[in-house]
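For reference, the structure discussed in these notes is given below.
Ligands are counted one by one from 1 in listed order, and the atoms in each one are counted from 1 as well.
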Amino acid sequence: MGKMTIDGRLVEFTDEKNVLSVIRKAGIDIPTLCYVSELSTYGSCRLCTVEDERGKTFASCSEVPRDGMVIYTNTPRLRKYRKMILELLLAAHDRDCTTCVVSGSCHLLELAQRVGVNHVRFRNTRELQPLDDSSPSILRNPNKCILCGDCVRMCTDIQGINAIDFAYRGTDALVTPAFNRKLTETGCVGCGQCRIVCPTGAITVVSDIEPVMEALADPQTIVVAQIAPAVRLALGDKFGMPKGENVMGRIVSIMHRMGFDEIYDTTYGADLTVLEESKELLEHVSSGKGVPLFTSCCPAWVQHCEKKYPDLAKYISTCRSPMQMFGAVIREYFRDPEHNAGKKLVNVAIMPCTAKKGEILRPESRTRGIQDVDYVITTEELSSIIEQSGIVFDKVEIESADVPFGIGSGSGMIFGITGGVTEAVMRRLQRGHDRAAMRAITESGVRGMEG
Ligand code: SF4
Ligand code: SF4
């Protein structure tokens, strides 16, 4: 605990881990590129540099707050310094902003505009690097990388995968998989977390928007979509709806207007998974195969287990994920000429996770040699399709998902949250299904992150 003076005002601090946090607590939004509060501190971009009363400058993210400190966050010297840093970063960056996928949300561009960079005096001397498009989920463009290290720390500190790291030195420095391999030759599981923290277009999601739009425009094609439970909350957030509001009815309405023929709820597939997985758990226990039985719903987790802990892979459920079970059901249903009207089926899944794009390509995701789900569209891709369509999100009428697969139980719905699959299986295996028994499972703490 203590007090420090920030830009002439006394500010108290308690357990803030660095001076930057105290500055932000004081209501000053100091720019940063490489600081992500849940990751380890790296201090490479130096944008958060501040000045003390003796004129000494230091990166505020890497300094522990001390009682009596006097600091300045916005002196002419600091403004010049920040502008120069951004100019240098931009100089070593592929600046085709007009066609860059993230140009509307690029943090680097936003900061450059904020500190007033209006031209770049330096030439880009970095050698042009090839794109890494090996992953079905993530596209890497090293020419847009500013070496902030956020993706490296996310992949290592939080995900525990370690697929990418810094390589080479000086102007040759790169963030890349070991030995400059392709992402698919590493332990990368396609989770997309590196993309979430990347402040530029150096890591983006592989887009499947174009083929889906083409299918929608083709009169000889039936386009069927299933929507995962988590999407209906995340998309509302994106369009400024109140936090936690279920916007499934609006999504269904908009997608119908865009030309999707049938729209179903993946909760139905989750219910199928609960039935199968509960049966498999009982078999594991009674046949002596052993427990635990790990869920197979998350393809990133399945890949991680297969690649890093192959001896545990026998404990992964052999059931398909809800998306894949449902994908097979949809494929089968529309094989019937009564349902397909002689048209070709394009089977789309709207999912919250980039790893799902890889899951549909796995050999076990096929039936009779045919891939069950054709395309995975992420929540973010759906949001950009909706924006492109011009349909105003909060002006549409609410519609229900289509029958016969538009229904699902509460157990299927909670698949979207941590511990939800376990709770759903416990509910299924519970002898009595009275309210008290169900409540006891909910209150057992199996759902959520605790423990
Ligand atoms: S997609 Fe996930 S596993 Fe792959 S590099 Fe990014 S964070 Fe690491
Ligand atoms: S890829 Fe993105 S997050 Fe990773 S170091 Fe480069 S700019 Fe930073």
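- At the shortest separation from atom 2 (Fe) of ligand 1 among protein heavy atoms lies Cys191 SG, 2.3 Å.
- Between Phe166 and Tyr42, the distance separating the two ring centers is shorter than 6.0 angstrom.
- Of all protein N/O/S atoms, those under 2.8 Å from atom 6 (Fe) of ligand 2 are Cys145 SG, and waters are not counted.
- The 12-atom threshold is exceeded at CD of Glu38, counting heavy atoms of other residues, nucleotides or ligands nearer than 6.0 Å.
- The distance from the CG atom of Asp7 to the OG1 atom of Thr73 is 3.5 Å, given to the nearest 0.5 Å.
- The protein non-hydrogen atom at the shortest distance from atom 6 (Fe) of ligand 1 is Cys194 SG, 2.3 Å.
- For Lys80, the NZ atom sits in a loose shell: 12 or fewer heavy atoms of surrounding residues, nucleotides or ligands are nearer than 6.0 Å.
- Checking each of Glu381, Arg232, Met255 against Ile350 for a side-chain contact (heavy atoms from CB on, under 4.5 Å) leaves exactly one that passes, namely Met255.
- At the top of the distance list for atom 3 (S) of ligand 1, counting protein heavy atoms only, stands Val189 N, 3.4 Å.
- Ion pairing between a basic and an acidic side chain is recognised when a charged N comes within 4.0 Å of a carboxylate O; Glu423 and Arg427 show such pairing.
- Comment: Glu359 engages Lys356 in a salt bridge, judged by a side-chain N to carboxylate O separation of less than 4.0 angstrom.
- When hydrogens are left out, the protein atom nearest atom 4 (Fe) of ligand 1 is Cys188 SG, 2.4 Å; that is the closest non-hydrogen contact.
- Considering only non-hydrogen protein atoms, atom 1 (S) of ligand 1 sits nearest to Gly192 N, 3.3 Å.
- Protein heavy atom closest to atom 8 (Fe) of ligand 1, with residue, atom name and distance, is Cys155 SG, 2.4 Å.
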